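The structure under discussion appears below in the form of structure tokens.
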Number of protein chains: 2
Amino acid sequence: MRADAQVLKGHLDTLLLASLENGPRHGYAVREALRAGGARFDLPTGTIYPALRRLEAAGLVTGTWAEADGRRRRSYELTAAGQRRLAGDRAAWRDFAAAVTAILDPAP
Amino acid sequence: MRADAQVLKGHLDTLLLASLENGPRHGYAVREALRAGGARFDLPTGTIYPALRRLEAAGLVTGTWAEADGRRRRSYELTAAGQRRLAGDRAAWRDFAAAVTAILDPAP
DNA sequence: GCCAGTAAGTAGTAATGCTACGTATCCGGA
DNA sequence: TCCGGATACGTAGCATTACTACTTACTGGC
């Protein structure tokens with residue numbers, strides 16, 4: 001999926017939180033996870049790193065520095081607030097998607 | 001649906017084009033159409049009117065003034081370009097929705 | 001030595017929906 | 001008769017946020 005236009009607006013945070021749901025990941029790994037899988041969101045690093053920092057500032061994730069092969073990584077983990085947010089976002093997404101689909105493909 | 005945050009970003013144009021698909025409508029009617037129906041997008045007029053003008057400037061719709069009951073209305077109609085755009089947006093939405101859902105509700 | 005891959009970031013920009021107004025007409029109720 | 005609500009259109013300014021383009025740094029293969 002091309003990161004075409006700003007269709008992602010408001011949904012990026014949800015995607016990031018979801019990628020952190022099954023345990024901590026560092027930014028690059030989150031990016032790879034979104035790039036692979038059925039989704040194929042090819043997001044530039046200039047999108048993903050600031051977004052993770054934003055989530056951290058909002059208290060939804062916590063980041064910790066780690067060293068591996070002389071390479072520093074910042075590993076992010078969901079906080080309790082992040083998990084609650086993700087649950088809410090998930091429900092909101094379902095509503096939103098259903099609403100848009102209702103307008104785009106109206107039931108006869 | 002509350003117009004909460006900017007979840008709508010990048011999708012508003014698509015919704016507007018879709019509401020104009022079954023014949024011309026004026027701004028207020030488009031707003032009512034989105035407010036009713038299964039969707040319930042409650043959009044402020046400060047969102048809808050500028051957006052319609054933007055679509056007009058982009059050549060996706062054409063607007064014409066009309067008079068009814070001493071009330072002036074600007075009726076918008078899809079152009080050929082608008083119809084093409086709507087078709088593309090519709091496909092893009094399906095892809096996008098499927099991609100987000102794949103991340104949020106991963107198949108086991 | 002150089003390039004690709006891994007890893008993290010920043011500065012600045014552009015797009016765009018929202019808030020808060022302002023204008024005007026028509027109609028029903030107090 | 002006056003007022004509020006519905007109808008109808010709009011603008012100015014703001015805030016959010018993803019993207020572009022760039023920088024830094026280490027490792028391994030050609």
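Chain naming here is simple, since letters A, B, ... match the order of the sequence lines and numbering starts at 1 in each. Quantities reported herein were computed from a predicted structural model and do not represent experimental measurements.
Here D:dA8 presents its P atom at 9 Å from CD of B:Glu32, a figure rounded to the nearest Å.
Between A:Leu20 and the options A:Arg25, A:Glu77, A:Gln83, a side-chain contact (heavy atoms from CB on, under 4.5 Å) holds for only A:Arg25.
Of the candidates D:dT20, D:dC9, C:dT16, the closest approach to any side-chain atom of A:Pro44 belongs to D:dT20. When each of C:dA15, C:dG9, D:dA8 is scored by its nearest atom to the side-chain atoms of A:Lys9, the top-ranked nucleotide is C:dA15. Among the nucleotides C:dA8, D:dA6, C:dA7, the one closest to the side chain of A:Arg71 is C:dA7.
Looking at B:Arg94 and A:Asp105, a side-chain N of the basic residue comes within less than 4.0 Å of a carboxylate O on the acidic one, giving a salt bridge.
The main-chain N or O of B:Gly63 is found under 3.5 Å from a side-chain atom of B:Arg74 such that the two form a donor-acceptor pair. Between the side chain of B:Thr47 and the backbone N or O of B:Leu43 there is no donor-acceptor pair closer than 3.5 Å. No donor-acceptor pair under 3.5 Å is formed between the side chain of B:His11 and the backbone N or O of A:Val100.
Ring geometry for A:His26 versus A:Tyr28: interplanar angle under 30°, hence parallel rather than tilted (30 to 60°).
In this structure, B:Ala29 and A:Leu12 both approach DNA chain D, and ranking their closest nucleotides by distance from the 5' end singles out B:Ala29.
Listed by residue number, the members of residues 47-60 of chain B with any heavy atom below 4.0 angstrom from DNA chain C are B:Thr47, B:Arg54.
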